[in-house]
Amino acid sequence: MDSKTIKSKLTSISQKSLLLIRKEKLRKNIEAALRLLNTKKEPLEIADLFIHNTFNLLEDGILNRFPLMNIEEVKDKVKASLIISTKLKKAKKWSVFS
C-alpha cells in the first residue's frame, strides 16, 4: 500500500469515528436539555446557575494552580482572565471582517 491509500483509510476511519462521537455528544446534550426542562426551572435561573458555577470552577482552578493566593487575588485573576478573553473575542471578530 502506498501512503495515499493509508491516509485515505485512516481519514475515513477517523471521519466515521468522529461522526459517532458527534452523534453521541448531541444525544447527551439533548438528554441534558430535557432534564433541565423537566426541572420546571425558568431558563434565566438555569443560565444564572450556569454562569455562577462557571465562575466557581474558574476560581477553583486558579486556587488549585496557585494555592497561596487569597480570595481578592483570585478575583483579580478571574477578572484578568475575562479581560483577556474579551480582547481575544474582539480581535477574532475584527479578523473575520478584515
Side-chain angles (χ1 to χ4, degrees):
M1 265 192 254
D2 64 340
S3 63
K4 286 184 181 180
T5 307
I6 293 171
K7 259 189 185 176
S8 67
K9 285 188 177 187
L10 288 176
T11 303
S12 65
I13 292 170
S14 64
Q15 286 176 348
K16 287 178 186 177
S17 297
L18 186 59
L19 179 62
L20 291 174
I21 291 168
R22 287 179 178 166
K23 283 183 179 181
E24 181 66 17
K25 184 177 178 184
L26 180 61
R27 185 186 62 74
K28 286 181 180 180
N29 285 341
I30 291 170
E31 288 175 358
L34 289 173
R35 280 194 307 275
L36 285 173
L37 289 172
N38 290 335
T39 62
K40 308 292 185 207
K41 290 185 179 181
E42 291 292 318
L44 286 176
E45 184 181 355
I46 292 169
D48 182 55
L49 286 170
F50 176 77
I51 292 168
H52 180 75
N53 289 335
T54 301
F55 279 108
N56 285 342
L57 286 172
L58 186 57
E59 288 175 354
D60 288 345
I62 290 170
L63 279 172
N64 283 335
R65 288 180 62 201
F66 307 101
L68 299 178
M69 278 189 171
N70 64 33
I71 193 67
E72 287 302 316
E73 292 172 323
V74 171
K75 287 181 180 181
D76 289 341
K77 191 88 166 158
V78 169
K79 189 174 181 178
S81 296
L82 292 173
I83 290 170
I84 290 170
S85 176
T86 304
K87 286 180 181 180
L88 288 173
K89 285 181 183 179
K90 284 182 183 179
K92 186 176 179 181
K93 282 181 184 178
W94 284 110
S95 66
V96 171
F97 292 120
S98 298

Can you give me every donor-acceptor pair (side chain of residues 75-90, partner residue at least two apart or in another chain, under 3.5 Å) with its distance?
{"residue": "S81", "atom": "OG", "partner": "K77", "partner atom": "O", "Å": "3.0"}
{"residue": "T86", "atom": "OG1", "partner": "L82", "partner atom": "O", "Å": "2.8"}

#### Entry: Pairs where residues 34-44 contributes a residue and the test salt bridge (charged side-chain N to carboxylate O under 4.0 Å, His left out) is met, not counting sequence neighbours
none
N/O donor to acceptor pairs below 3.5 angstrom from side-chain atoms of residues 58-74, sequence neighbours left out:
{"residue": "N64", "atom": "ND2", "partner": "D60", "partner atom": "O", "Å": "3.4"}
{"residue": "N70", "atom": "OD1", "partner": "E72", "partner atom": "N", "Å": "3.1"}
{"residue": "N70", "atom": "OD1", "partner": "E73", "partner atom": "N", "Å": "2.8"}
{"residue": "E73", "atom": "OE1", "partner": "N70", "partner atom": "N", "Å": "2.9"}

### Pairs meeting criterion side-chain hydrogen bond (donor to acceptor under 3.5 Å, both in side chains) with involvement of residues 47-56, two or more places apart
H52-N56
Can you list, pair by pair, the side-chain donor-acceptor contacts under 3.5 Å of residues 20-27, counting residues two or more places apart and other chains?
{"residue": "E24", "atom": "OE1", "partner": "R27", "partner atom": "NE", "Å": "3.3"}
{"residue": "E24", "atom": "OE1", "partner": "R27", "partner atom": "NH2", "Å": "3.3"}
{"residue": "E24", "atom": "OE2", "partner": "R27", "partner atom": "NH2", "Å": "2.3"}
{"residue": "R27", "atom": "NH1", "partner": "E31", "partner atom": "OE1", "Å": "3.1"}
{"residue": "R27", "atom": "NH1", "partner": "E31", "partner atom": "OE2", "Å": "2.4"}

### Message
Clusters formed by hydrophobic residues whose side-chain heavy atoms approach within less than 4.5 Å: which one holds L36, and what are its other members?
### Response
I46
#### Entry: Distance (rounded to the nearest 0.5 Å) between N29 CG and L34 CG
11.0 Å
